[in-house]
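Along the sequence shown, residues are numbered consecutively beginning with 1. Indexing begins at 1, ligand by ligand and atom by atom, following the structure's order.
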Amino acid sequence: MKPIAVAVVAAPAAPRSHEAEGARVMRICNACRYCEGFCAVFPAMTRRLEFGAADVHYLANLCHNCGACLHACQYAPPHEFQLNVPQALAKLRLDTYTQYAWPPALGALYRRNGLTVALALALSCALLLLAVLALNGTLWHPPLAGDFYRVLPHGLMVAAFAPVFAFAVLALAIGVVRFWRQQAPGPASAVAAAEAAANALRLKYLDGGHGEGCNEEDDRFTLWRRRFHHATFYGFLLCFAATCVATLYHYVLAWHAPYPLASLPVILGTVGGVGLLLGPAGLLWLNLRRHPLHGDAAQRPMDRAFIALLWLVSATGFGVLLWRDTGAMALWLAVHLATVMALFLTLPYGKFAHGVYRGAALLKWSIERRQPNRIKLTDD
Ligand code: HEM
Ligand code: SF4
Ligand code: SF4
């Protein structure tokens, strides 16, 4: 076998593209393979000898940034190879989001995401407060027994939110379809789709390959990132389910809000809201302590802005619930709706994209591992 040539593996003297750096680290790992059992990235890597653009973007999104392969690596800094797989793949992920963004010009928003989220929130707050003021002549009103449609009519809310949400879904869908076409993984069997869904829902690849979890500030393993992500993810899903049930109640059963505390939309929203308070708070705590070499410092504002926005959506939602029978309801409602609007506006141009592209990469892996290995150096 050819010896590992320094030209192939040495750390770059001058900065190179993220794709070239992704290919360099994967070539070294492919010769070493020490981390094979950690996650899906390594068995997927062993099915390749060359790492073109499509390959490195796929592997980058398959990576869950657990950090294990950095702490295990004998070529990590200060070694002259300067090998840092989690960081190289994190940088590539931002390129994936930017390159596949739709419309393409808005891909730049990923790179100024902290500012983008802050502006979206400020603008949404201003517009919602102005709307409430214009419609009611005041932000403080006599108690309305929680009847928020008297402050902002239902039709107006739907007219404002439905198009923004539909656009976010469309933009993310176009991006991931373009990614998928470039990957061309072949058809997905039901078994492969079920496996990929289970891997995403359990966050399998945040378990470090041995069930002990991922790394945060050092080489100790912990399950906390996985737990807090579960609280965030399922909290988000429950809040979304609460909105869907309320929509059904409104249009199909003609039961109109406000709903009693013991009703399904309020119960789903409350349980989901608790998850969406605890999960992001925990993720932020971990994010602030994370080892700087695990990720890409340039993406911290994006990560933290998304975490903060999710937390604010939930906190202000509880504000509406707790103060809905008082004269402060309109104020809480305007601020809560502004956080939801900011979330919808930035969904396709911020951290939320990680779920979509990771989901696609997990599905590709579940398809690929069932196909014959063209290299046949390993069984997987
Ligand atoms: C297919 C679905 C998803 C998968 C596989 C997934 C996976 C991951 C992984 C591996 C991380 C840690 C690495 C990183 O920061 O990129 C992460 C971070 C995060 N995820 Fe997800 N995710 C999914 C969906 C979601 C959804 C729907 C939400 C909430 C709406 C969410 C919220 C977050 C947050 C707030 C972080 C930031 C954590 C940090 O920066 O410390 N994720 N996700
Ligand atoms: S990260 Fe380091 S130890 Fe792990 S496979 Fe790559 S070269 Fe080997
Ligand atoms: S950081 Fe974790 S998930 Fe990413 S390649 Fe390394 S071991 Fe796999």
Undergrad: What do you reckon, does Arg290 have a nitrogen or oxygen under 3.5 Å from a nitrogen or oxygen of ligand 1?
TA: yes
Undergrad: Strictly below 4.0 Å, N to O, side chains only: are Arg220 and Glu217 in salt-bridge contact?
TA: yes
Undergrad: Looking only at non-hydrogen atoms, which of Arg304, His229, Arg289 approaches atom 33 (C) of ligand 1 most closely?
TA: His229
Undergrad: With a cutoff of 4.0 Å, is Phe352 in contact with ligand 1, counting heavy atoms of the residue only?
TA: yes
Undergrad: For ligand 1, is any non-hydrogen atom under 4.0 Å from His354's backbone (N, CA, C, O), its side chain (CB onward), both, or neither?
TA: side chain
Undergrad: Any idea how Phe167 and Trp102 line up, ring-wise: parallel (<30°), tilted (30 to 60°), or perpendicular (>60°)?
TA: tilted
Undergrad: Taking only heavy atoms of Cys35 into account, list the atoms of ligand 2 that are under 4.0 Å away from them.
TA: 1 (S), 3 (S), 4 (Fe), 5 (S)
Undergrad: State the atoms of ligand 1, each with its element, that fall below the 4.0 Å cut-off from a heavy-atom position in Phe233.
TA: 2 (C), 24 (C), 25 (C), 26 (C), 27 (C)
Undergrad: May I have the step-by-step check of side chain to side chain contact (heavy atoms under 4.5 Å, CB included) for His154 and His250, ending in yes or no?
TA: CA-CA 10 Å; His154 180 261; His250 188 93; 3.2 Å; yes
Undergrad: Can you report which non-hydrogen protein atom sits closest to atom 4 (Fe) of ligand 3, along with the distance?
TA: Cys63 SG, 2.4 Å
Undergrad: Are His18 and Asp95 linked by a side-chain donor-acceptor pair shorter than 3.5 Å?
TA: yes
Undergrad: Any side-chain to backbone donor/acceptor pair from Arg226 onto Arg202? Under 3.5 Å, distance only.
TA: yes
Undergrad: Do any of the N, O or S atoms of Cys69 sit under 2.8 Å from atom 2 (Fe) of ligand 2?
TA: no
Undergrad: Hey, which atoms in ligand 1 end up nearer than 4.0 Å to a heavy atom of Arg225?
TA: 12 (C), 13 (C)
Undergrad: Who's the nearest protein heavy-atom neighbour of atom 34 (C) of ligand 1, and how far?
TA: Leu283 CD1, 3.8 Å
Undergrad: Minimum heavy-atom separation for Ala171 to Pro348, with atom names?
TA: CB-CB, 3.7 Å
Undergrad: Given side chains that start at C-beta, do those of Asn199 and Tyr205 come closer than 4.5 Å, heavy atoms only?
TA: yes
Undergrad: At a 4.0 Å threshold, what atoms of ligand 3 neighbour a non-hydrogen atom of Pro86?
TA: 1 (S)
Undergrad: In sequence, state the C-alpha distance, the side-chain angles, and the governing distance for Val151 and Met329, and then conclude on side chain to side chain contact (heavy atoms under 4.5 Å, CB included).
TA: CA-CA 9 Å; Val151 173; Met329 181 195 64; 3.5 Å; yes
Undergrad: Identify, for atom 6 (Fe) of ligand 2, the protein heavy atom at the shortest distance, and state residue, atom and that distance.
TA: Cys29 SG, 2.3 Å
Undergrad: Backbone or side chain, does any N or O of Lys351 fall under 3.5 Å from an N or O of ligand 1?
TA: yes
Undergrad: For the residue pair Asn30 / Arg48, report whether a side-chain donor-acceptor contact shorter than 3.5 Å exists.
TA: no
Undergrad: Is a side-chain N or O of Asn287 found less than 3.5 angstrom from the main chain of Leu283, in a donor-acceptor match?
TA: no
Undergrad: When you compare ligand 1 with Asn65, is there at least one nitrogen or oxygen pair between them that comes in under 3.5 angstrom?
TA: no
Undergrad: Any heavy atom of Gly67 sitting closer than 4.0 Å to ligand 3?
TA: yes
Undergrad: Where is the nearest protein heavy atom to atom 32 (C) of ligand 1: which residue, which atom, and how far?
TA: Phe306 CE2, 3.6 Å
Undergrad: Just to confirm my output: which protein heavy-atom neighbour is closest to atom 8 (Fe) of ligand 2, and how far is it?
TA: Cys32 SG, 2.2 Å
Undergrad: Suppose we measure from atom 5 (C) of ligand 1 to each protein heavy atom; which comes out shortest, and what is that distance?
TA: Leu203 CD2, 3.8 Å
Undergrad: Before accepting this row, confirm whether a basic side-chain N of the pair Lys204/Glu195 lies closer than 4.0 Å to the acidic partner's carboxylate O.
TA: no
Undergrad: At less than 4.0 angstrom from any non-hydrogen atom of Leu83, what atoms of ligand 2 do you find?
TA: 1 (S), 2 (Fe), 6 (Fe), 7 (S)
Undergrad: So, Ser366 side chain and Leu363 main chain: donor-acceptor pair closer than 3.5 Å or not?
TA: no
Undergrad: If we check ring-ring contact (aromatic ring centres under 6.0 Å, His included) with Tyr357, which of these qualifies: Tyr97, Trp180, Tyr110?
TA: Tyr97
Undergrad: Under 4.0 Å from any heavy atom of Cys39, which atoms of ligand 3 are there?
TA: 3 (S), 5 (S), 7 (S), 8 (Fe)
Undergrad: What protein heavy atom lies closest to atom 39 (C) of ligand 1? Include the residue and the distance to one decimal.
TA: Asn287 ND2, 3.5 Å
Undergrad: Note the single closest protein heavy atom to atom 3 (C) of ligand 1, along with its residue, its atom name and the distance in Å.
TA: Gly355 CA, 3.7 Å
Undergrad: Check Asn65 against ligand 3 and report side chain, backbone, both or neither, counting heavy atoms closer than 4.0 Å.
TA: backbone
Undergrad: Going through the distances and angles, do His291 and His71 end up as a ring-ring contact (aromatic ring centres under 6.0 Å, His included)?
TA: CA-CA 10 Å; His291 196 298; His71 294 288; 5.6 Å; yes
Undergrad: Using a 4.0 Å cut-off to any heavy atom of Asp303, which atoms of ligand 1 qualify?
TA: 40 (O)
Undergrad: List ligand 2 atoms under 4.0 Å from Gln74, heavy atoms only on the residue side.
TA: 3 (S)
Undergrad: So if I count the atoms of ligand 1 from 1 in the order they appear, which ones are less than 4.0 Å from some heavy atom of Phe236?
TA: 30 (C)
Undergrad: Grab the two heavy atoms, one from Leu309 and one from Thr346, that are nearest each other, plus how far apart they are.
TA: CD2-OG1, 3.9 Å
Undergrad: Do any nitrogen or oxygen atoms of Thr232 come within less than 3.5 Å of a nitrogen or oxygen of ligand 1?
TA: no
Undergrad: I'd like the name of whichever of Ile307, Leu343, Leu201 reaches closest to atom 38 (C) of ligand 1 through any heavy atom.
TA: Ile307
Undergrad: Just checking, is any N or O donor in the side chain of Glu216 or His294 under 3.5 Å from an acceptor N or O on the other one?
TA: no
Undergrad: Please assess Tyr58 against Glu368 for the test side chain to side chain donor-acceptor pair (under 3.5 Å), listing each intermediate value before the final yes or no.
TA: CA-CA 12 Å; Tyr58 160 51; Glu368 182 177 79; 3.0 Å; yes
Undergrad: Any idea which protein heavy atom is nearest atom 2 (Fe) of ligand 2, and the distance to it?
TA: Cys73 SG, 2.3 Å
Undergrad: What protein heavy atom sits nearest atom 9 (C) of ligand 1, and how far off is it?
TA: Arg358 NH1, 3.4 Å
Undergrad: Could you check atom 3 (S) of ligand 3 against the protein and tell me its nearest heavy-atom contact, residue, atom and distance included?
TA: His64 N, 3.2 Å
Undergrad: Does Cys66 put an N, O or S atom under 2.8 Å from atom 8 (Fe) of ligand 3?
TA: no
Undergrad: Strictly below 4.0 Å, N to O, side chains only: are Arg289 and Asp218 in salt-bridge contact?
TA: no
